J.: 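Sharing a structure, written as structure tokens. Questions coming.
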Amino acid sequence: MVHRVDPDTRREQIADAVIEEIDAHGLRSVTLARIAARTGLAIGSIRHYFGDNLREVMRFTLGILIQRIVRRDVGLSEDPAARIMDAIVFAAPTSEQERKENTALVEYRVMARTDPELAADIAASSLAGAEAIHALLRKVADISIDEEALRREALLLFTLVEGFSFSSALSSAPLREAEVRAAVSATMRRLRDAYPPSDEAVE
């Protein structure tokens, strides 16, 4: 009896091989032959799922990377301030697998600077992240803040996410969750100190 492999599972296996290859040798080292070596699949099998097109494999892998970051958002607090903290901490690469995925994503982002097709995908994900933080920050009820300051503070919080991402990509070890949480907590305390509750919020 022939054992059938779920196509989505096989594609994700191939994406994982791409991530491993990027972590070990860089994005530009990825070839169908190297993916085949890492997965144990024949090149023909990879072409079966993606066609004779390495670019399709690369774009699929980018989509997987973005999806995995979004999935970390599951089960966050209902409180907007706590949700901001959780979202930033969960987005930070604090495990070995997350470090590898983050390194691959950073390499995609660098490549997107001169690749319009990748740039569109990267820009859309970055915009979604920035807008999510902005929307959550607006919901924090115990701070009084005007729209200009709100945008500035949201940008600073998103820059914190970016900083964790790029610093991790330059390291051989994942970030420490406790240190990330402490940094985010200090940032949120500064935010509350800078924008005390309005009279309406107190009432």
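Since the structure is predicted, the reported quantities are computational estimates derived from the model, not experimental observations.
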J.: Looking only at heavy atoms, what is the nearest atom pair of A154 and I133, with distance?
T.: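 That would be O-CG2, 4.0 Å.
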
J.: Quick one, F50 and R55 - any side-chain contact, counting heavy atoms below 4.5 Å?
T.: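 When only atoms from C-beta onward are counted, R55 and F50 do not touch, as no gap falls below 4.5 Å.
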
J.: I'd like to know if the side chain of T39 and the backbone of I35 have a donor-acceptor N/O pair within less than 3.5 Å.
T.: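 Judged by distance alone, yes, a pair lies under 3.5 Å.
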
J.: Considering residues, nucleotides and ligands other than E148, do more than 12 of their heavy atoms fall under 6.0 Å from its CD?
T.: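 Not buried by this count: 12 neighbours or fewer within 6.0 Å.
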
J.: With the side chain counted from C-beta on, respond yes when I88 and F164 share a heavy-atom pair under 4.5 Å apart, and no when they do not.
T.: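 A side-chain contact exists here, since the closest heavy-atom pair is under 4.5 Å.
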
J.: If every non-hydrogen atom of R11 is compared with every non-hydrogen atom of Y49, which pair is closest and at what distance?
T.: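 Smallest interatomic distance, heavy atoms only, reads NE-O, 3.6 Å.
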
J.: Look at the side chain of S125 and the backbone N and O of I122, then say whether any donor-acceptor pair between them is shorter than 3.5 Å.
T.: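 Judged by distance alone, yes, a pair lies under 3.5 Å.
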
J.: Tell me yes or no: between the side chains of R189 and S185, is some donor less than 3.5 Å from an acceptor?
T.: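 Indeed, the side chains of R189 and S185 share at least one donor-acceptor pair under 3.5 Å.
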
J.: Is it true that D16 and R38 make a salt bridge, defined as a side-chain N closer than 4.0 Å to a carboxylate O?
T.: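 Result for this pair is no, no salt bridge flagged.
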
J.: Answer yes or no: are there more than 12 heavy-atom neighbours, outside R176 itself, under 6.0 Å from its atom CZ?
T.: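 Counting other residues, nucleotides and ligands, CZ of R176 stays at 12 neighbours or fewer.
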
J.: If Ile, Leu, Val, Met, Phe, Trp and Tyr residues are connected whenever their side-chain heavy atoms lie under 4.5 Å apart, and connections chain through other members, are L175 and M85 in the same group?
T.: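 L175 and M85: one cluster.
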
J.: For L157, run the side chain to side chain contact (heavy atoms under 4.5 Å, CB included) check against I84, V184, L136 and tell me which one passes.
T.: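 The passing option is I84.
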
J.: Report yes or no: do I69 and V106 belong to one cluster of Ile/Leu/Val/Met/Phe/Trp/Tyr joined by side chain heavy-atom distances under 4.5 Å?
T.: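 Per the 4.5 Å side-chain linkage, I69 and V106 are not co-clustered.
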
J.: Would you name the heavy atoms of T31 and L54 that are closest together and state the gap between them?
T.: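 Answer, listing the atom of T31 first, then L54: CA-CD2, 4.1 Å.
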
J.: Got a salt bridge between R59 and E117, using NZ or NE/NH1/NH2 to carboxylate O under 4.0 Å?
T.: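 Counted as a salt bridge, because a side-chain N and a carboxylate O are separated by less than 4.0 Å.
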
J.: Are the charged groups of E20 and R34 less than 4.0 angstrom apart, N to O?
T.: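 Result for this pair is no, no salt bridge flagged.
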
J.: Looking at S172 and E96, what are the two nearest heavy atoms and their distance?
T.: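 S172 and E96 have their closest heavy atoms at O-OE1, 4.4 Å.
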
J.: Would a distance-only check, ignoring hydrogens and angles, find a side-chain to backbone donor-acceptor pair under 3.5 Å from E101 to L65?
T.: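 Such a contact is absent between E101 side chain and L65 backbone.
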
J.: Can a donor-acceptor pair be found, under 3.5 Å and without considering hydrogens, that links the side chain of S168 to the backbone of S165?
T.: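 No, S168 side chain to S165 backbone: no donor-acceptor pair under 3.5 Å.
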
